[in-house]
Amino acid sequence: MLTSRPRGTEDILPEEVGRWYLLENTAREVSRLYGYREIRTPIFEHTELFNRGVGDTSDIVEKEMYTFIDRGGRSLTLRPEGTAPVVRAFVEHSLEARGLPVKLFYLGPMFRYGRPQAGRLRQFHQFGVEAFGSRDPALDAEVIALAMDFYARLGLKDLELHLNSVGCPDCRPAHREKLKAYLRPRLDDLCPTCQGRFERNPLRIFDCKSPACREIVRGAPTVAASLCPDCAGHFDRVQEYLKALGIDFILDEHLVRGLDYYTRTAFEVMVKGIGAQSSIGGGGRYDGLVAALGGKQVPGIGFGLGLERVLLALETQGRELPPEGGVDVLVVTAGTGVDLAAFRLLAGLRAAGIRADKDYLERSLKGQMKYANRYPARMAVILGEEELARGRVSVRRLDTGSQEEVPLAGVVDYCRKMKESGC
RNA sequence: GUGGGUGUAGCUCAGUUGGUUAGAGCACCAGGUUGUGGCCCUGGGGGUCGUGGGUUCGAGUCCCAUCUCCCACCCCA
């Protein structure tokens with residue numbers, strides 16, 4: 001092969017595109033149902049946006065970004081996630097001036113450099129929402145409910161919603177110190193990466209999967225225990241709202257999201273059976289991010305979910321996904337001197353909203369019928385030399401094999417009726 | 001970035017201790033006599049054996065390098 005697609009990317013082929021329509025349509029539908037409007041931001045941004053927005057200590061920024069210098073000498077980066085760009089657009093266009101809250105959703109490709117594996121690509125697609133301008137815990141619950149609704153509409157089952165609060169700038173430092181005090185005497189027993197995290201971002205040690213770290217972390221002071229009264233109250237209210245909607249969740253004090261901007265509510269949705277990467281979505285509150293990116297003090301909350309992983313989960317759960325392709329009518333010719341009439345009929349069918357096609361490889365009548373069968377087409381309209389001279393054509397149903405001769409002038413209507421009656 | 005596995009027609013795979021023109025099934029195309037699909041029969045097209053080196057009289061088979069894909073770690077969606 002002279003050239004192939006770049007590592008960790010995928011072509012979505014025609015037979016797979018139907019399931020993408022389903023995902024995208026469901027995402028748009030459910031978003032609008034909840035009052036969210038679509039925003040489309042560039043695929044690349046100034047690198048600085050992600051350095052400041054996602055966080056210098058995050059793995060995404062440290063080693064997973066597609067960063068390049070353009071011909072004007074600017075450092076640009078293919079977006080690795082959706083929140084920072086949306087916040088940037090929010091600030092840049094002063095969207096708060098339109099009246100708060102501002103509720104937005106996005107859909108599109110993201111890029112992260114890493115070794116591909118099950119459920120992990122270098123270019124992948126995310127659906128996400130961001131809501132700006134309210135600290136109301138009901139909004140936290142709404143965002144979570146929207147995500148869960150999206151999964152439910154697609155028919156996904158056996159999901160686990162993990163929920164935590166990571167506190168705010170008021171209570172986090174205190175917890176951080178308590179945690180460090182607890183960890184310090186045990187520092188030597190932590191894995192090498194976590195020893196590095198100890199100073200920079202000790203919360204992340206909760207996330208570590210190494211058995212040694214897990215064991216140490218088990219007895220560590222939890223965030224929940226050191227939340228300030230405001231954060232604790234907020235967290236309680238979020239839980240009440242979720243319960244009111246009948247949404248089950250698992251309190252998970254070890255849940256610490258990898259992006260640095262989260263405050264208070266953090267959540268993640270897990271599903272089994274799609275490989276080692278079991279997270280199919282997550283998000284949280286980021287009350288300081290808009291200000292950190294140069295905007296006003298506007299709170300925010302959102303989620304992002306990976307469409308490829310959703311697809312993987314749907315497949316392992318045996319959910320039937322819609323096929324794509326096929327045509328209502330294949331226009332078939334027999335004999336000579338009928339090509340122009342056939343071509344006109346094809347245009348007429350299409351103008352009437354009937355999906356139609358014809359053979360372009362000069363196949364024999366038999367070959368055209370085989371083509372119709374394989375296409376697949378529901379009907380074949382056959383223009384034969386003799387009938388056409390009498391102004392008539394034949395319409396054959398491919399499923400039953402029944403065939404009827406109808407006037408050429410009425411064949412478009414005939415096909416439309418057949419289609420409407422479910423042929 | 002680390003580790004393990006993998007790579008032969010469009011797809012799924014055979015290919016003996018290195019030995020002539022690399023095979024099968026499916027798919028595709030054409031036929032099976034007058035203008036009709038699905039089944040069956042016959043025939044046909046299609047492969048730089050991932051790529052680049054090397055060993056050898058001779059390499060799909062052995063060696064080295066490299067790339068891809070798969071899986072796991074890391075991290076996350």
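Chain letters run A, B, ... following the sequence lines, proteins first, then strands; residues in each count from 1.
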Among [options], which nucleotide sits nearest the side chain of [X]?
X: A:Gln117; options: B:rG38, B:rG35, B:rC74; value: B:rC74
X: A:Glu386; options: B:rG35, B:rU36, B:rA77; value: B:rG35
X: A:Gln277; options: B:rC73, B:rA77, B:rG35; value: B:rC73
X: A:Arg309; options: B:rC76, B:rC29, B:rU36; value: B:rC76
X: A:Arg396; options: B:rG37, B:rG35, B:rC76; value: B:rG37
X: A:Arg5; options: B:rC69, B:rG31, B:rU36; value: B:rC69
X: A:Ala276; options: B:rU36, B:rA72, B:rC76; value: B:rA72
X: A:Ser279; options: B:rC71, B:rC76, B:rG1; value: B:rC76
X: A:Met369; options: B:rU36, B:rC70, B:rC29; value: B:rU36

Item to check | A:Thr83 backbone acceptor or donor facing A:Glu81 side chain under 3.5 Å | outcome: yes
Checklist entry - Are the side chain of A:Arg122 and the backbone of A:Gly114 linked by a donor-acceptor contact shorter than 3.5 Å? => result yes
Checklist entry - Heavy atoms, side chains only, cut-off 4.5 Å: are A:Glu387 and A:Leu383 in contact? => result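 Result no, sub-4.5 Å side-chain heavy-atom pair not found.
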Distance in angstrom units between [X] [atom1] and [N] [atom2], rounded:
X: A:Lys370; N: B:rC39; atom1: NZ; atom2: P; answer: 9 Å
X: A:Leu314; N: B:rA77; atom1: CG; atom2: P; answer: 19 Å
X: A:Ile382; N: B:rG37; atom1: CD1; atom2: C1'; answer: 9 Å
X: A:Glu268; N: B:rA77; atom1: CD; atom2: P; answer: 7 Å
X: A:Ile274; N: B:rC71; atom1: CD1; atom2: P; answer: 11 Å
X: A:Asp11; N: B:rU68; atom1: CG; atom2: P; answer: 15 Å
X: A:Lys366; N: B:rC29; atom1: NZ; atom2: P; answer: 13 Å
X: A:Asp359; N: B:rU36; atom1: CG; atom2: C1'; answer: 14 Å

Checklist entry - What is the minimum heavy-atom distance between A:Gln123 and A:Glu308, and which atoms define it? => result O-OE2, 4.3 Å
Sticking with atom [atom1], work out how far [N] lies from [M], rounded to a whole angstrom.
N: B:rG5; M: B:rC67; atom1: C1'; result: 16 Å
N: B:rU66; M: B:rU6; atom1: C1'; result: 15 Å
N: B:rC63; M: B:rU21; atom1: P; result: 24 Å
N: B:rG60; M: B:rC49; atom1: P; result: 7 Å

Next on the checklist: Tell me whether the ring of A:Tyr371 lies stacked over the B:rG37 base, given a 5.5 Å limit on centroids and a 30° limit on the plane angle.
Outcome noted: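 Ring-base stacking flag not set for A:Tyr371 and B:rG37.
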Checklist outcome for this item: Applying the 3.5 Å cut-off to both distances, the Watson-Crick or G-U partner of B:rG7 turns out to be B:rC67
Item to check | Watson-Crick or G-U counterpart of B:rU20, or none if no pair lies under 3.5 Å | outcome: none
Checklist entry - Is the cationic atom of A:Lys358 (NZ for Lys, CZ for Arg) positioned less than 6.0 Å from the six-membered ring centroid of A:Tyr360 and within 45 degrees of its normal? => result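 The answer is yes, since A:Lys358 meets both limits relative to A:Tyr360.
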Next on the checklist: Does A:Arg355 have more than 12 heavy atoms from other residues, nucleotides or ligands lying within 6.0 Å of its CZ?
Outcome noted: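 Atom CZ in A:Arg355 is not crowded, with 12 or fewer foreign heavy atoms closer than 6.0 Å.
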Answer with base, sugar-phosphate or nothing: what part of the nucleic acid does [X] contact at a heavy-atom distance below 4.0 Å?
X: A:Gly275; value: sugar-phosphate
X: A:Leu361; value: nothing
X: A:Arg122; value: nothing

